[in-house]
Trainee: 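Dropping the structure in here first, questions after.
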Amino acid sequence: LAQAISSDRTGAVSKQRRLLSQCQVDGSVLGASAMADSRVTGHSSDSRENPRRIDRVESKSMILGSSSTSVQGTVRQFISAAQSLVSVRMRPRGQTQRSPEFLRELAVLHPELLRATTMRMVLRRFGSIFRHSAGAASTFEMSKPVEVIAKFLSHSWNTPGWLKTIALMYHENVFRATVSAFATAICLHGLEFAGAGVPMPLVGPSYLAGETTMHQLRLDTHFVPPCLVFILVLIFGQEVPGLAQSTCFLDKCCIHQTDQEKKMQGIQQLGGFLRSSHRMVILWQPEYFTRLWCVYELAAFHYINLGVSGLVDLLPLKLPVLALSLFCFHFAASAATVVLGPTLVFSEMHLTWILENVPAALQVPWMFMIFSSMCFFAIYTIPGFLLWKFCESHMEDRKMLLKQLRGFRMDLAECQVESDREFIEGKLTTWFGGVEEFELIIRNEVAELVAQSMKYRGPIPWTLMFTGSLSHVFLLASAAVDAVIRSDWPLAVRLGLACIGVSCFTDAIALSAGLTLADKIPGRWQVGVRRFIAPISLALLFSLLNGLVLASMNPALPLWIDIPMYLVLGMLTWLMFGGWHRLRHGRTLRPSGKSEEHSPASAVAHPAPGVGKRQGLQSDVGAMGTLKPDIQGDVSFGVQMKVESYESLVAVASHNEESDDEFGEVVSN
């Protein structure tokens, strides 16, 4: 087996399969197999190239060599052989092995120039670093030497800097901002339950009609402090002392821009920067794939990580702007409700008239009409046109992204210095066997994965809509807490359901429908008077859905109608944000667009009766896709492995470091 692995790659595959079924390899030969496998995959013993991986392979050979249990020896034999087989199949198209030139490029020749900055430095002074591309010695001092980089920021300097600043603030701080806002609201209401509540301005008493009586509804400014905390943490969250700061690579800070010698050394070890980075964050705008250096960074990161998915975050820059715009809009709507509600819709005079003149069976339809009309004319009519413009722009960007990927050509990518083009094309030829092969990977595998990801996650992330509706959450939660304090439990339940409906369902459904409509309506329909139909329809949809939820707060509506209505809204939201695609194609996204449940991999874990022992090996490696080797060996059992990288397979092979009981449990599973 060791001799087969050290021979040429084509013969190694067939010989390994044949030897695996014909002989029982003892620990020493298996250890030699592991050592030879490091040569097959192109990893030399030079500590500069990857000493940690080589150490693991060598320790694996020592551990496996001392195995005494026959079952464990058979399992380790199988895993080692499968590892070498997968490593042979994982090479990029047109590439037999990583060249020594590429391995030298990955080496960090100047450790003092392997530098990274922090998000705190990048976002300081509202992202002033992105205002222009010119750097200085002061910008280089914003970074420091490191061994590992958390995020590699890939972007184009043609993109407006304020877009990148808002996107990075949102990407870095939105979770801690949301948690801080909810913690603030919980503290305020906790003090209120304890009898030491913070007094909040109350505009006037508000009420809800309930068949024959009126229920008190508190509308005050309890929602303001959590919203202010959210904005402050979103903008300045990276400045909070004591919080862990993720390191990141930004070319302007980490490569010297004035010292030409250091600049060339930094550019030459760009592969070292990419190799040391755990993730790549692409600040995407339509011009991204038109820049040659951006494509080069993505290609190098893809090649270094063998096309493993989950390591590249594609961040469209317009979506965080939408989330913040919706947040500000809903904050203004909540403030208007607090100020105007007690004198209009929720006034004692209006609700007294309803109780005296509207039958109990018609109170909910009446309130639905009132709330829908108020939302349409006072809240959504003008913003509906802005939302429609966003829907058109966002769907056009999605189409442009797929068009750029499916029609990608290196000769159309822009480059300021022509010598850079020759340098990059030479690297792509070395890695992928030619520029044409790399173009095929982008057009087919990457484009297919992006297209499936768009369908899988919906037109926009659902979390953006939830973030934009936080002010409604805090306003209705405050009213629900007041109802609990007064022991008005039916009203508290209705307000809680309305809080969930407004923040999680209504706006998400309406905007998703608007995005779908913008994708389907031909451009020739957007002329004359007809161009007003779509924005008004979108505003009307927002108004009707929100009016339905607000009318459901009326105590005259039975709860047995309320709860199924929210279940329907929740199911519709799930279907519109990727649920329908999951039902059709399964749970796991694969580059081919097929689910894990319906893929050939499922036949490994659940073999059909009568299937013979001799199977084979197949692995599905997609560019930026998930690696799922379906490993079956010429032994009396089948093993299905789902690994995300070559490192994971090495870790499985060295599992002998765990106890025998744990290893036996793994074999049983």
Trainee: Examine distances only and state if a side-chain atom of Ser143 and a backbone atom of Cys253 form a donor-acceptor pair shorter than 3.5 Å.
Mentor: yes
Trainee: Using a 3.5 Å distance criterion without hydrogens, assess whether the side chain of Thr506 forms a donor-acceptor pair with backbone atoms of Asn546.
Mentor: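 Looks like no, no N/O pair under 3.5 Å.
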Trainee: For the pair Arg279 (side chain) and Lys151 (backbone), establish whether a donor and an acceptor sit closer than 3.5 Å, ignoring hydrogens and angles.
Mentor: no
Trainee: Please determine, by modelled atom types, if Thr159 and Tyr288 share a side-chain donor-acceptor pair under 3.5 angstrom.
Mentor: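 Absent: no donor and acceptor within the cut-off.
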Trainee: Determine yes or no for a side-chain-to-main-chain donor-acceptor pair under 3.5 angstrom, with Arg131 supplying the side chain and Gly161 the backbone.
Mentor: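 No; judged by distance alone, with no hydrogens or angles, the pair does not exist.
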Trainee: Would you sort out whether Leu298 and Ile282 count as a side-chain contact (heavy atoms from CB on, under 4.5 Å), showing the intermediate values?
Mentor: CA-CA 9 Å; Leu298 178 60; Ile282 297 177; 4.1 Å; yes
Trainee: Let me see the working for Val549 and Tyr566 under side-chain contact (heavy atoms from CB on, under 4.5 Å), right down to the final yes or no.
Mentor: CA-CA 9 Å; Val549 170; Tyr566 284 104; 3.5 Å; yes
Trainee: Does Leu123 reach the side chain of Phe236, with side-chain heavy atoms less than 4.5 Å apart?
Mentor: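 Of all side-chain heavy-atom pairs linking Phe236 with Leu123, none is under 4.5 Å.
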Trainee: For the atom pair CH2 (Trp284) and CG (Leu315), what is the distance rounded to the nearest 0.5 Å?
Mentor: 11.0 Å
Trainee: Are any of the side-chain heavy atoms of Ser133 and Lys252 separated by less than 4.5 Å?
Mentor: no
Trainee: Compare all side-chain heavy atoms of Asp251 with those of Phe273 and state whether any distance is below 4.5 angstrom.
Mentor: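 Not touching, per the 4.5 Å side-chain cut-off.
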Trainee: Look up atom NZ in Lys389 and atom CG in Leu386, then write down how far apart they are to the nearest 0.5 Å.
Mentor: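 With rounding to 0.5 Å, NZ (Lys389) is 10.0 Å from CG (Leu386).
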Trainee: How long is the span from the CD1 atom in Ile149 to the OG atom in Ser246, to the nearest 0.5 Å?
Mentor: 12.0 Å
Trainee: Is there side-chain contact between Phe505 and Leu545, with heavy atoms separated by less than 4.5 Å?
Mentor: no
Trainee: Parallel under 30°, tilted from 30 to 60°, perpendicular over 60°: which one fits the rings of Phe289 and Phe408?
Mentor: perpendicular
Trainee: Tell me, do Phe152 and Leu270 make a side-chain contact under 4.5 Å, heavy atoms counted?
Mentor: yes
Trainee: Quick check against the 3.5 Å criterion: does Glu172 have a side-chain atom that pairs as donor or acceptor with the backbone of Tyr170?
Mentor: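 Not a single qualifying donor-acceptor pair exists.
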Trainee: For the OG atom of Ser471 and the CG atom of Leu476, what is their distance to the nearest 0.5 Å?
Mentor: 9.5 Å
Trainee: Could you label the plane-to-plane angle of the Phe542 and Tyr380 rings as parallel, tilted or perpendicular, counting under 30° as parallel and over 60° as perpendicular?
Mentor: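 Ring orientation, 0 to 90° scale: parallel.
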Trainee: Report yes if the side chains of Met576 and Leu515 come closer than 4.5 Å at any heavy-atom pair, otherwise no.
Mentor: no
Trainee: Can you tell me how far apart CZ (Phe474) and OG1 (Thr184) are? Round to the nearest 0.5 Å.
Mentor: 8.0 Å
Trainee: Relative to each other, are the rings of Trp157 and His155 parallel, tilted or perpendicular (30° and 60° limits)?
Mentor: perpendicular
Trainee: Would you say Leu228 has more than 12 foreign heavy atoms packed within less than 6.0 Å of its CG?
Mentor: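 Counting other residues, nucleotides and ligands, CG of Leu228 exceeds 12 neighbours.
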Trainee: Let's go through Phe371 and Phe346 carefully: what are the C-alpha distance in whole Å and the side-chain angles of both, what is the deciding distance for ring pair (Phe, Tyr, Trp, His ring centres under 6.0 Å) to 0.1 Å, and is it a yes or a no?
Mentor: CA-CA 11 Å; Phe371 284 127; Phe346 303 109; 5.7 Å; yes
Trainee: We want to know whether Thr290 and Gln404 form a side-chain donor-acceptor pair, criterion being a heavy-atom distance below 3.5 angstrom.
Mentor: no
Trainee: Is it the case that the side chain of Ser512 and the backbone of Ile509 share a donor-acceptor pair, with hydrogens and angles ignored and the cut-off at 3.5 Å?
Mentor: no
Trainee: Would you call the rings of His472 and His330 parallel, tilted or perpendicular, taking 30° and 60° as the class edges?
Mentor: tilted
Trainee: If you measure from OG on Ser154 to CD on Glu297, what distance do you get to the nearest 0.5 Å?
Mentor: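 Nearest 0.5 Å value for the OG-CD distance: 4.0 Å.
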Trainee: Are Leu153 and Leu168 side-chain neighbours, meaning at least one heavy-atom pair lies under 4.5 Å?
Mentor: yes
Trainee: Just by distance, no angles: are the side chains of Ser478 and Arg218 close enough, under 3.5 Å, to form a donor-acceptor pair?
Mentor: yes
Trainee: Measuring centre to centre across the rings, with the benzene-like ring taken for any Trp, is Phe385 within less than 6.0 Å of Trp388?
Mentor: no
Trainee: Does the pair Leu274 and Met280 meet the rule for a side-chain contact (heavy atoms from CB on, under 4.5 Å), with working shown?
Mentor: CA-CA 8 Å; Leu274 290 164; Met280 171 178 280; 3.9 Å; yes
Trainee: List the steps, then state whether side-chain contact (heavy atoms from CB on, under 4.5 Å) holds for Val229 with Val233.
Mentor: CA-CA 6 Å; Val229 168; Val233 176; 4.1 Å; yes
Trainee: Just so I know, are the side chains of Leu495 and Met553 near enough to count as touching, which here means a heavy-atom distance under 4.5 Å?
Mentor: yes
Trainee: Parallel, tilted or perpendicular: which one describes the rings of Phe182 and Phe466, with boundaries at 30° and 60°?
Mentor: parallel
Trainee: If you draw a 6.0 Å radius around CZ in Phe193, do more than 12 non-hydrogen atoms from other residues or ligands fall strictly inside?
Mentor: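 Atom CZ in Phe193 is packed in, count exceeds 12.
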Trainee: What class does the angle between the rings of His394 and Phe390 fall in, given that below 30° is parallel, 30 to 60° is tilted and above 60° is perpendicular?
Mentor: parallel
